[in-house]
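Sequential numbering from 1 along the given sequence is applied to the chain's residues.
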Amino acid sequence: MSDTRHDALWVMLADGEPHRVADLCAALDVDAGGLNRLRLMLPETVRDTLKQDDGVWQLRAPSVVFLQEDWTEFSAAESLNVRIVADCASTNSELLQAARTQAEDTHRTVLVANRQTAGRGRQEKVWLSPAGDSAAFSLAWLCRQPQSQIGALPLVLALSCHKVLTRFGVPVSIKWPNDLMIEHAKLGGILVESIPQQEGCIAVMGVGLNFRAPPIEEYAACGIWEHAPEINPTVLLKALVHELARDVQWFLSRGFSVFQTQYIAACRDHNQPVALLRRDEIVARGKVLGVDSTGALLLENKGVVERVVSGEISLRSEDDALVGGAEQMLLLDCGNSQLKWAWVINKEIVGTFRAPYHRLSLLGDFCRAHRTIRRVCGSAVCGEIKKLQVAEQIPHRIEWFASEKIACGIRNHYRHIGEHGADRWFNALGARSFSDRACVVVSCGTAVTVDALTASNQYLGGSILPGFNLMKESLALRTANLDRPFGRIYPFATTTPNAIASGIMDAIVGAVMLMHRRLSEREAPQPVDVILTGGGAHRIHANLPPSFLLDTRVQIVDNLVIFGLLNRIEQS
């Protein structure tokens with residue numbers, strides 16, 4: 001069987017729809033045995049997704065594949081020599097080899113591979129292009145200019161791809177000099193290589209595009225079909241080749257300056273802080289001002305503008321530069337009324353965020369922008385429905401942590417561990433990041449919890465009382481004439497709203513001070529600290545008596561549960 005026959009089968013199945021075996025046999029002029037032999041010639045990654053059920057074949061997902069006969073009219077109209085090959089190591093390598101011996105004949109040749117086994121990117125990096133999931137092609141062009149004058153060609157090609165992809169509804173941007181990105185995830189790459197000639201040079205321009213993100217851990221990747229699932233690969237590729245050929249001609253006759261403004265507008269990092277790396281070491285930081293008429297990056301740092309040519313330099317956004325190859329985690333604190341989360345790199349919290357449960361799309365947006373996160377851990381007191389809603393926003397399994405009998409050297413004296421709120425436990429574990437002494441740990445959210453931790457790491461338990469809003473709602477609902485606005489706090493309140501506000505604060509502050517006195521008597525003569533967390537922490541601190549604050553070390557810590565989770569994970 002010829003390559004065309006089994007690739008034709010691949011094309012027929014590529015839409016991901018069910019196809020009757022009898023129809024496939026008729027279209028390919030083979031019997032059932034011949035069809036099965038063609039199936040065995042398909043790439044393994046495609047065969048693995050093929051379902052065979054009761055005389056029907058169907059791929060579990062659409063596939064990327066090209067047929068030579070679909071390009072005949074296009075090649076003639078564009079004056080290009082478009083060749084579709086079943087497989088090759090690298091389309092760039094194959095065209096470069098041909099150009100070394102037949103430069104004139106290679107001019108305006110487009111080589112498209114349905115399977116590329118050794119794709120290459122900039123700086124000798126590997127470009128993964130699994131069969132059926134990506135498109136890989138190269139264009140050879142004979143240039144009158146020497147190699148030194150076509151340095152901006154990769155930027156032009158990136159802009160060409162950007163123009164076409166955005167027309168097709170793909171929200172792509174360019175990371176200087178020529179990476180195609182969707183936020184922090186890589187969609188495609190471009191590699192330009194050239195061979196000098198007696199007059200000028202021949203340039204071989206390779207483009208790789210993901211239709212589905214490759215299954216890799218090393219960097220964040222994304223695919224076209226995630227954002228525009230209706231795109232037909234052949235239609236898109238024809239539009240790309242047309243745009244590339246036209247822009248290459250324009251660049252060789254007019255230079256990069258005619259593309260400069262459009263390119264800057266398409267850049268992801270324009271006017272943003274970035275880091276420049278050489279061999280994974282940061283060598284410069286600054287704000288991107290744009291590119292000059294040669295395609296060099298203009299980087300401003302402390303009023304000084306530096307001109308940077310690509311070479312062995314890589315650009316990363318500040319977020320990407322922080323990440324590098326570091327271990328990353330997402331830590332979740334699922335409270336009763338809102339979700340808090342933290343982005344952790346190499347066991348350091350580099351960002352904290354929050355959202356009410358009716359706006360969990362903010363978490364989904366965060367996860368899409370930080371695809372290099374691989375581990376997600378959480379603590380929850382919110383109930384199963386909200387936990388499921390959180391999980392729907394995250395593309396990874398969540399490791400849920402609960403209260404335990406002992407962790408991080410702290411022993412839990414709660415009688416029934418299963419009844420102990422995970423937030424109280426992780427607040428206690430987190431307290432050890434801020435105090436090695438006995439301490440009262442206070443969390444003021446929907447409810448207020450006041451817990452005792454000894455200097456010898458015995459968690460003794462504590463008390464739970466309604467938070468500010470719950471107390472006020474209880475008075476409004478259960479008591480006549482007390483559905484009043486929240487007043488101000490006074491030592492001796494003389495209006496009902498002020499009396500309500502003062503009474504609620506006295507209850508919470510009194511609970512804190514009473515727990516502090518109990519623990520101080522138990523730990524005497526050692527001092528006892530107070531650690532406050534939660535949305536009401538500052539209000540509690542502002543209403544503690546001045547004499548108490550003089551004698552007691554009181555700290556306010558945001559996201560104490562997150563610190564506790566981090567301590568627990570580090571232990572394991």
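Looking only at side-chain heavy atoms (C-beta outward), V291 and W176 come within less than 4.5 Å of each other. Looking at heavy atoms from C-beta onward, P273 lies out of side-chain contact with R285 at the 4.5 angstrom threshold. Under the 4.5 Å side-chain criterion, counting only non-hydrogen atoms from C-beta, C334 is in contact with W400. A heavy-atom distance below 4.5 Å is not found between the side chains of E94 and Q97. Looking only at side-chain heavy atoms (C-beta outward), P171 and T166 stay at 4.5 Å or farther from each other. Put simply, the side chain of D133 does not reach to within 4.5 Å of the side chain of V64, judged on heavy atoms. Contact check for V56 versus V21: no side-chain heavy atoms found under the 4.5 Å cut-off. Side-chain contact between N92 and L111: absent, with no pair of heavy atoms (C-beta onward) separated by less than 4.5 Å.
Counted within 6.0 Å of CG on D31, heavy atoms from surrounding residues, nucleotides or ligands total more than 12; the atom is thus considered enclosed. When the shell of 6.0 Å around CZ of R254 is examined, it contains 12 or fewer heavy atoms from other residues, nucleotides or ligands. Few gaps surround CD on E230; more than 12 heavy atoms of other groups in view lie less than 6.0 Å from it. Counting heavy-atom neighbours within 6.0 Å of I385 CD1, excluding the residue itself, gives a total of 12 or less. Enclosure of atom CZ in R167 by more than 12 non-hydrogen atoms of other residues, nucleotides or ligands within 6.0 angstrom is indicated.
N114 contributes no side-chain N or O that, together with a main-chain N or O of V65, makes up a donor-acceptor pair within less than 3.5 Å. In terms of modelled atom types and a separation under 3.5 Å, the side chain of Q145 and the main chain of L252 share a donor-acceptor contact. Side-chain atoms of Q197 do not come within 3.5 Å of backbone N or O of G200 as any donor-acceptor pair. Panel note: side chain R47, backbone L42; a donor-acceptor pair is recorded below 3.5 Å. A distance-only check finds a donor-acceptor pair linking the side chain of S90 to the backbone of S93 [under 3.5 Å]. In terms of modelled atom types and a separation under 3.5 Å, the side chain of N559 and the main chain of K340 share no donor-acceptor contact.
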Might you work through the salt bridge (Lys or Arg N to Asp or Glu O under 4.0 Å) test for E399 and R375, ending with a clear yes or no?
CA-CA 8 Å; E399 300 172 51; R375 188 180 184 190; 2.7 Å; yes
Check the pair N210, S134 against side-chain hydrogen bond (donor to acceptor under 3.5 Å, both in side chains), reporting the backbone distance first and the verdict last.
CA-CA 4 Å; N210 300 323; S134 61; 5.2 Å; no
Test side-chain contact (heavy atoms from CB on, under 4.5 Å) applied to D333 and L339, step by step
CA-CA 6 Å; D333 173 14; L339 169 73; 5.9 Å; no
Could you go through L240 and L209, starting from their C-alpha distance and side-chain angles, then the distance that decides it, and tell me whether this counts as side-chain contact (heavy atoms from CB on, under 4.5 Å)?
CA-CA 11 Å; L240 283 169; L209 292 173; 3.3 Å; yes
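Rounding to the nearest 0.5 angstrom, the gap separating the CG atom in L9 from the CZ atom in R37 is 13.0 Å. Note that CZ of F66 is 7.0 Å distant from CD1 of I84, once rounded to the nearest 0.5 Å. Taking SG from C201 and CD from E193, the interatomic distance works out to 12.5 Å, rounded to the nearest 0.5 Å. Interatomic distance, CG of L139 versus CG of L80, reported as 7.0 Å (0.5 Å rounding). Here W141 contributes atom CH2 and I150 contributes atom CD1; the two are 12.5 Å apart, rounded to the nearest 0.5 Å. The line from CG of D105 to NE2 of H107 is 11.0 Å long, rounded to the nearest 0.5 Å.
Ring orientation note: the planes of F353 and F366 are tilted relative to one another, at an angle of 30° to 60°. By the 30° and 60° cut-offs, the orientation of the rings of F259 relative to F251 is tilted.
Counted by atom type alone, W10 and S63 present one or more donor-acceptor pairs between their side chains at under 3.5 Å. Of the N and O atoms on the side chains of E306 and N301, not one donor lies less than 3.5 Å from an acceptor on the other residue. Checked by atom type, the side-chain pair S293/Q260 shows no donor-acceptor distance below 3.5 Å. Side chain to side chain, H242 and E78 meet the donor-acceptor criterion of an N or O pair below 3.5 Å. One side chain, T91 or S138, offers a donor N or O that lies under 3.5 Å from an acceptor on the other. No side-chain N or O of D70 forms a donor-acceptor pair with one of T234 less than 3.5 Å apart. At a cut-off of 3.5 Å, with distance as the only test, a side-chain donor of T294 or D292 sits close to an acceptor on the other residue.
The nearest pair of heavy atoms linking A136 to Q116 is CB-NE2, 3.5 Å. The two residues V288 and D269 make their nearest non-hydrogen contact at CB-O, 3.3 Å. Scanning all heavy atoms of the two residues, the minimum distance from L155 to P177 falls at CG-O, 3.5 Å. For the residue pair I202 and A103, the shortest heavy atom distance occurs at CD1-O, 3.6 Å. Minimum heavy-atom separation, L565 to L332: CD1-O, 3.3 Å. Looking at every heavy atom in both residues, W225 comes nearest to P233 through CZ2-CG, 3.7 Å.
Taking the ring centre of W57 as origin, the terminal cationic atom of K51 falls outside the region bounded by 6.0 Å and 45° from the ring axis.
For R144 and E199, the salt-bridge test fails: no basic side-chain N is under 4.0 Å from an acidic carboxylate O. Electrostatic pairing of E243 and K163 counts as a salt bridge here, judged by a charged N lying under 4.0 Å from a carboxylate O.
Partner of K175 under the side-chain contact (heavy atoms from CB on, under 4.5 Å) criterion, out of H184, K186, M181: M181 alone. Between V170 and the options L236, V164, L180, L187, a side-chain contact (heavy atoms from CB on, under 4.5 Å) holds for only L187.
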